[in-house]
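Working notes, structure below.
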Amino acid sequence: MAETGEGKKEEADYKRLHSFPLIRHTDMAEEMRVETMELCVTACEKFATNNESAAKMIKESMDKKFGSSWHVVIGEGFGFEVTHEVKNLLYMFFGGSLAVCVWKCS
Amino acid sequence: MVTVVHTLLEKKEGVDQGDGWDEWAQGKALIKPPDQLELTEEELKEEFTKILTANNPHAPQNIARYSFKERSYKPISSVDQMAVHFVLEGNLIHVDSEEARRQRARQDQTDGKHWDWTFKLFPEKPAAEAEAEPDEEIPENPKEQKVTNQFNFSERASQTLNNPLRERSCQTEPPPRCNFSATANQWVIYDAYLEELEKQEKNKDKQKTFSAKKEEDKLKKNKMSDDVTKVVKVVKIFERMVNQNTFDDIAQDFKYFEDASDEFREQEGTLLPLWKFQYDKAKRLSVTALCWNKSYQDLFAVGMGSYDFSKQGHGMLLLYTLKNSTCPEFVYPTSSGIMCLHIHDRLSHLVAVGFYDGCVAVFDLKAEEGGAAQPAFKSTAKAGKHTDPVWQVRWQNDDMDNNHNFYSISSDGRVVSWTLIKNELVFSDVIKLSLEGALPECLEVVEQPTCGTSFDFHPKIDFLFLVGTEEGKIHKCSKAYSSQFLETYQAHNMAVDAVKWNQFHPKVFLSCSSDWTVKIWDHTIRTPMFTFDLNSAVGDVAWSPYSSTVFAAVTTDGKVHVFDLSINKYEAICQQPVVAKKKTKLTHIEFNPIHPIIVVGDDRGYVTCFKLSPNLRKKPKEKKGQEVPKGPEVEEAKMEKLLSLLRDKHKT
């Protein structure tokens, strides 16, 4: 019983510790990157249970701000291979278990 | 085809349209005619269907005509169903038709005026000019008349030149693309986060040490925020270059000149003047101390002060380098005149200085520029400073605690050892010099401190040192014994200005005094080996570092005397006046450790550098075939040979 209790505590700790947004790979410009990262964080926090809505929010905001044809994938386990316009890709982790990939390709 | 349901109200035979018409036109009221059929109700209600078609009932249903072409009768496909009921020929003709024109023409011939008038009513054109035209037109072309409409505007149109059309198209390059692939799994995410956390921790640690370092750097940098200091190094190199160019001939002489005339002068040598060092701010001071730096052999220290009791003022510590004779490398002004100085043998950034007011100080040449004016260590009245001028300071080897220490001797009769412990100078009296045997008959031995004027430590035997006093005695002392001397020599009649151990021979030392003499001693024998009279008070004497038998002395009459005992035991092999003004007294002399040059200081604040001619640096002639002996042992042996001769003489 104590072990499972501890296990849960550890999990919670780990989630807390690891919940900061961690950019894994990007080739965006500084400003764009910061803005996109903040947007992703906001969206994921807002739609914590629904990845689709979060992705939708991100995609629409990106389209408005930076031009058409953005693609967004949010999930906990997936592999991908995409073609993206240079300097328009952001791949980041968030919340300890979510991965977000945002890229532009018209 | 019209299908009419014709209820049999009145049955008529044949199709006589004329009667039928009458029926429809008149009748609403039912008037039974006399010949009305009597029918039953059923028969009355019987419905008869009549179908009306557009076919002409009189027209034949099929007509066949003989075709001459085919030589047979052929049925005509469509039969003309038209039945003409009435024709009336009219007598109107169109205005514009041929017949009308002909008629008009006939009419014109009969009455022409009549037509003019009608034309004016109906002008062809709306414009004013147009009215004139029909008049013109008519007589010109009376046959062709146009009846115009007053609203009939004539069309005017023109076609501009249309530019030819050309197709142009352009295709922009699509924005560059590239591929990217990755996998997002729970473990990948976890690993990434762990890495990031580790990095952050490392950065924090680094930053702590970094910030500490940065503060230090900042402090240093703040002092050197002046732009000029950034160019210091470059400027220094430039200065050296300029100096080298200015004093190029001197530099060449220093390096390469060998007095060729020495070959002709067998036992004499000369001193070639090289650089002259002077400093503006030290003009009124005399050179009171000279010392070469052991590690940087072109650097030497000059102590400036005054020997004159009545003219005491400030002093200076200057460090010159041979590479720059115009300006000293380091300048330390002091409040009291410097009387002596010594540079540490190994740590050549430490300079021990003794002052006229009895203080001693240690300057650290490495210290930062801003605070370098102050000595790193200075003795204070509380901490055992001398009460009289300090005549000599000497560095010693580090003591057992690895602290640096040096000795000083002063006119107050004390030989004091100073140790640098952390930031302080700690003193300890070594010996108190007292007048011995002055009044032997007196019961009370009057212990009067005598003034020590010079001392020197044995180069090999650490604890042994010599002290020269103002009465002219030289005491041989040991560090171990603080009250007694090992030996006392009745050396001179006046104050002993300098005592110097021989660099090679362990027993020989040199002393000079204001009684015009220079004496060479063997410390085991109480009488001097050699005595030289120089006709003038001797300020300083120094052994040469390259030969055990060569030494130089400076006198107050401005001459430098160089002796080589192996060549000439009685006279100097070189006696040269070196100053322009005769009144200048030479105060100190020092040999350079490696170069064949000497520096001489005088009481006007100048330091002059001389090069020794080859004769002065002679090594003993080797016999042919023998190996050339080198090294200090040779020097020692040389000296020993000389001394043994003398000893024999003494014995005999």
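In what follows, chains are A, B, ... by sequence order, proteins preceding strands, each numbered from 1.
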Check the surroundings of atom [atom1] in [X]: do more than 12 heavy atoms from other residues, nucleotides or ligands lie under 6.0 Å from it?
X      : atom1 : result
A:K87  : NZ    : no
A:K56  : NZ    : no
B:Q200 : CD    : yes
A:E81  : CD    : yes
B:F238 : CZ    : no
A:K65  : NZ    : yes

Any [X] side-chain heavy atom under 4.5 Å of [Y] side chain:
X      : Y      : result
A:E85  : B:P176 : no
B:F180 : A:H25  : yes
B:R177 : A:S106 : yes
A:E76  : B:N185 : no

Spatial distance of atom CD1 (B:I189) from atom CG (A:L98) [nearest 0.5 Å]: 7.0 Å
Donor-acceptor pair, side chain of B:Y193 and main chain of A:F93, under 3.5 angstrom: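 Here the side-chain-to-backbone pair exists.
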Under 3.5 Å donor-acceptor, B:Q186 side chain and A:S97 backbone: yes
Chain B contacts, top residue of [options] (heavy-atom pairs, under 4.5 Å):
options               : result
A:Y91, A:W103, A:F80  : A:F80
A:C101, A:G79, A:C105 : A:G79
A:A99, A:G75, A:G77   : A:G77

Heavy-atom contact with chain B under 4.5 Å, split by part of A:L89: side chain
Chi angles and distances behind the side-chain contact (heavy atoms from CB on, under 4.5 Å) call for B:V188, A:R24: CA-CA 10 Å; B:V188 170; A:R24 187 81 160 128; 4.1 Å; yes
